[in-house]
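Inspection log for the structure reproduced underneath, given as structure tokens.
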Amino acid sequence: MLFSQYMNKALWMALQLAVAAVAATVQSDIEYGKAGDVSLKMDASIPDGAGPFPTVILVHGGGWQGGDKQKNVNLFYDSLTKAGFTWFTVNYRLAPRYRHPAAVDDVVTAIRYVQAHAAEYKVDKKRTAIAGESAGGHIVALIG
């Protein structure tokens, strides 16, 4: 009986920790900069807890002419949240209206914003990465 009570309590505590590890606050449409008259926006997911947390800045694809911070990289959101990461997803100016290096410049601005606001978003500056898919991967590679 004592062993059963201990196991139930241990299981309950493990479940509480698992739930706490995936709780996060999402902030949408944070202005991370301006490029002329264009407001540059990002979304953020910040884990509950003291932090700082490992961080990833996600850059969407879309052939440099399309895509959006909410549509193209959303398959990463749940995994990063469950792993306890602070993550950001950024929009950038698109071609053909905005020519190279506008998109690269915008993502660099996003990185600088995240670094400057690290305490606010519980970012671990020493464990911050950038990642992208398709055109976003190209932008990330150019920045690297």
Side-chain angles (χ1 to χ4, degrees), residues 5-144:
Q5 289 175 338
Y6 173 76
M7 289 305 294
N8 285 339
K9 189 172 185 176
L11 179 59
W12 182 84
M13 288 174 40
L15 286 172
Q16 292 293 2
L17 289 172
V19 169
V22 299
T25 301
V26 176
Q27 296 180 18
S28 298
D29 293 327
I30 301 161
E31 185 175 77
Y32 69 85
K34 286 189 87 73
D37 62 346
V38 178
S39 175
L40 303 171
K41 303 277 177 101
M42 67 169 52
D43 295 346
S45 176
I46 306 114
D48 290 346
F53 299 103
T55 301
V56 178
I57 300 168
L58 301 168
V59 184
H60 69 79
W64 301 274
Q65 297 181 34
D68 181 78
K69 62 184 168 62
Q70 282 296 310
K71 296 178 185 171
N72 295 69
V73 288
N74 57 1
L75 63 110
F76 299 110
Y77 299 170
D78 286 341
S79 296
L80 290 170
T81 301
K82 287 177 183 174
F85 278 73
T86 294
W87 55 263
F88 299 86
T89 179
V90 300
N91 273 344
Y92 52 85
R93 292 173 290 165
L94 302 171
R97 181 172 181 194
Y98 301 99
R99 301 185 64 75
H100 177 77
V104 175
D105 292 343
D106 294 350
V107 176
V108 168
T109 300
I111 293 166
R112 289 181 178 147
Y113 178 91
V114 168
Q115 293 292 303
H117 295 86
E120 178 182 347
Y121 297 106
K122 303 178 187 176
V123 169
D124 185 341
K125 289 183 176 184
K126 294 180 182 177
R127 296 186 298 163
T128 300
I130 55 174
E133 55 90 27
S134 192
H138 183 238
I139 292 167
V140 166
L142 289 170
I143 292 169

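Start at 1 with the first residue, then count along the sequence.
Contact record, Gln70 with Tyr77: CA-OH, 3.7 Å, taken as the closest heavy-atom pair. The shortest heavy-atom contact between Thr86 and Lys122 is OG1-O, 3.6 Å. The shortest heavy-atom contact between Gly67 and His60 is C-CE1, 3.4 Å. Heavy atoms only, all atoms of each residue included: Phe85 and Thr55 are closest at CD2-N, 3.9 Å.
Counting only heavy atoms from C-beta outward, the side chains of Asp106 and Val38 never approach each other to under 4.5 Å. In this structure, Val59 and Val73 have side chains that are not in contact, with every pair of non-hydrogen atoms separated by 4.5 Å or more. Side-chain contact check for Asp48 versus Thr25: some heavy-atom pair is nearer than 4.5 Å.
For Phe88 and Tyr121, the ring centers are positioned less than 6.0 Å apart.
Rounding to the nearest 0.5 Å gives a distance of 8.5 Å between CH2 of Trp64 and OH of Tyr92. Separating the OG atom in Ser45 from the CZ atom in Phe76 is a distance of 15.0 Å, to the nearest 0.5 Å. Summarising the geometry, atom CG belonging to Asn74 is positioned 11.0 Å from atom CG belonging to Asp43; distances are rounded to the nearest 0.5 Å.
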Which atom pairs, donor and acceptor, lie under 3.5 Å between side-chain atoms of residues 128-141 and protein residues at least two apart or in another chain?
{"residue": "Thr128", "atom": "OG1", "partner": "Asp124", "partner atom": "O", "Å": "2.8"}
{"residue": "Glu133", "atom": "OE2", "partner": "Gly61", "partner atom": "N", "Å": "2.6"}

| said: I'd like to know whether Leu142 forms a side-chain contact (heavy atoms from CB on, under 4.5 Å) with His100, so could you lay out the CA-CA distance, the side-chain angles of the two residues, the decisive distance to 0.1 Å, and finally the verdict. | reply: CA-CA 11 Å; Leu142 289 170; His100 177 77; 4.1 Å; yes
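Applying the side chain to side chain donor-acceptor pair (under 3.5 Å) test to pairs two or more places apart or on separate chains, those with a residue in residues 26-38 are Asp29-Lys69, Glu31-Ser39.
The side-chain contact (heavy atoms from CB on, under 4.5 Å) test with Val114 is passed by exactly one of Val123, Val90, Ile30, Thr109: Val123.
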